[in-house]
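Below is one structure; the comments refer to it alone.
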Number of protein chains: 2
Amino acid sequence: MSDDVAWLDDAEMETWLALIGVVMRLPNALDEQLRRDARLSHFEYGVLAVLERAEDRTKRMSDLAYLCNGSLSRLSHVARRLEDAGLIERFACPTDGRATLAKLTPHGMDVLAKAAPGHVALVRELIFDALDKEEAAQFGALARRILNRLEES
Amino acid sequence: MSDDVAWLDDAEMETWLALIGVVMRLPNALDEQLRRDARLSHFEYGVLAVLERAEDRTKRMSDLAYLCNGSLSRLSHVARRLEDAGLIERFACPTDGRATLAKLTPHGMDVLAKAAPGHVALVRELIFDALDKEEAAQFGALARRILNRLEES
DNA sequence: GCCAGAAACTTGAATGTTCAACTAATAATA
DNA sequence: TATTATTAGTTGAACATTCAAGTTTCTGGC
């Protein structure tokens, strides 16, 4: 249990507090807009958005969970609700009997299309209106480096 | 419901996906370490850490909620659990009868001190080992700008 | 000084997420 | 080809968070 670790200096602490602030507040901001405009959580929106871009609008559950940055268990619960609402459908994978495939339905595409403009507007307002083009690219590159670390563990 | 919004271009999408990846994965990574080493969630750790730095190790609940980036309701539930565990105590504010003050107990300080090294080590590993000093400062400044937006709404 | 409205918290119910156990299917090993 | 281990997914219970009241206290007209 790593003792004798260098404490964060003032500059590091500022960075950390800014990051953790964004990390803790952004999901609520996204949820609120989506919930209000489309009765969708941000995680649900992410599932639909990933499926829309996928080959044949279909993905394996475990791949989907990875791409949505969530656990398989979380996805499984959410997928059941989305399926009950008719936004996706699930069926066994023909080549691997263990796997389940999730596919976006036409109705799911409609709901996603209705929700997207408001969502994109909010993302633009919160992120890309606050940063110019170069800053945004810089920020993204650094976030990607952190994300790579997170994905290793 | 803001229609006709400019979609995200490729560079913006990359930035957004990197950010949202960090936002969704970092809390789990922090929770796991703290849960394992100190039976604390990251939010609970945050509450204790803010109190430790506060004047007289005491804060009003609503100020504490703001500083911890959470809702007052969330804090209220968490505070009850922390109080039951003897890590904090709560009492009425002498100058404003509506307010509740939360104070870190000696036992709470102990638990925090035990949890801190492992937590800081993880933060360092995930963030500050991936970024050099200048990059970290840059990243923090940009995150702060986004956080300011989030705090406005 | 009263009264309407706002602010600060708390609470219980509804909802969402994690955790641990479980089933079923495939891959690996002998 | 049996046997075991691993992988994929689901499920129900435990736990955490949100949401919508509800209580109490304070503030600002009047």
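Just so we're on the same page: letters track the sequence lines, and every chain starts at 1.
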Residues within residues 85-97 of chain B bordering DNA chain C, heavy-atom distance below 4.0 Å: Arg90(B)
Would the distance check show the side chain of Asp96(A) and the main-chain N or O of Arg98(A) forming a donor-acceptor pair, the cut-off being under 3.5 Å? yes
Considering only heavy atoms and no angle criterion, is a donor-acceptor pair shorter than 3.5 Å present between the side chain of Ser73(A) and the base of dC19(C)? yes
For dT17(C), does either OP1 or OP2 sit under 4.0 Å from a side-chain N or O belonging to Asn28(B)? no
Can you tell me if Asp56(B) has over 12 outside heavy atoms packed within less than 6.0 Å of its CG? yes
Thinking salt bridges, do Arg149(B) and Glu125(A) make one under a 4.0 Å N-O criterion? no
Carboxylate-amine/guanidinium proximity below 4.0 Å for Arg25(A) and Glu151(B): yes
Whole-Å distance separating the CZ atom of Arg74(B) from the C1' atom of dG12(C): 19 Å
Step-by-step side chain to side chain contact (heavy atoms under 4.5 Å, CB included) determination, Phe128(B) to Thr15(A): CA-CA 10 Å; Phe128(B) 298 106; Thr15(A) 292; 4.1 Å; yes
Taking NZ, NE, NH1 and NH2 as the nitrogens, is one of them in Asp9(B) or Lys133(A) under 4.0 Å from a carboxylate oxygen of the other? yes
Could you state the atom-to-atom distance from CG of Leu72(A) to C1' of dT17(C) in whole Å? 13 Å
Return whichever of Arg98(A) or Glu44(A) has its heavy-atom-nearest nucleotide of DNA chain C closer to the 5' end. Glu44(A)
Inspect the surroundings of CZ in Arg145(B) and state if more than 12 heavy atoms from other residues, nucleotides or ligands are less than 6.0 Å away. yes
Take the protein atom CZ of Phe43(A) and the nucleotide atom P of dT17(C), then report the distance between them rounded to whole Å. 7 Å
In whole Å, what is the span from the CZ atom of Arg60(A) to the P atom of dT26(C)? 11 Å
Would you classify Ser41(B) as touching base, sugar-phosphate or nothing, given that sugar-phosphate means primed atoms plus P, OP1 and OP2, and contacts are heavy atoms under 4.0 Å? nothing
Go through DNA chain D in 5' to 3' direction and return only the first and the last nucleotide with some atom under 4.0 Å of chain B's heavy atoms. dA16(D) to dC26(D)
Could you tell me the separation between the CG atom of Asp84(A) and the P atom of dT15(C), rounded to a whole number of Å? 14 Å
Rounded off to whole Å, could you give me the CZ-to-C1' distance for the Arg39(A) and dG16(C) pair? 17 Å
What integer distance in Å separates Glu83(B):CD from dC9(C):P? 14 Å
Donor-acceptor pair (no angle test) under 3.5 Å: His77(B) side chain, dT10(C) base: no
Determine, for Glu89(A) against Lys103(A), whether the closest basic-nitrogen to carboxylate-oxygen distance falls under 4.0 angstrom. no
Checking Val47(B), Leu40(B), Leu112(B) against Leu87(B) for side-chain contact (heavy atoms from CB on, under 4.5 Å), the one that qualifies is Leu40(B)
Nearest whole Å is fine: how far is dA7(C) P from Asp63(B) CG? 15 Å
The residue, Thr100(A) or Arg35(B), whose nearest nucleotide of DNA chain D is more 5′ is Thr100(A)
For dT10(C), does OP1 or OP2 lie under 4.0 Å from any side-chain N or O of Arg81(B)? no
Smallest separation among heavy atoms of Leu64(B) and Ala102(B), with atom names: CD2-CB, 4.1 Å
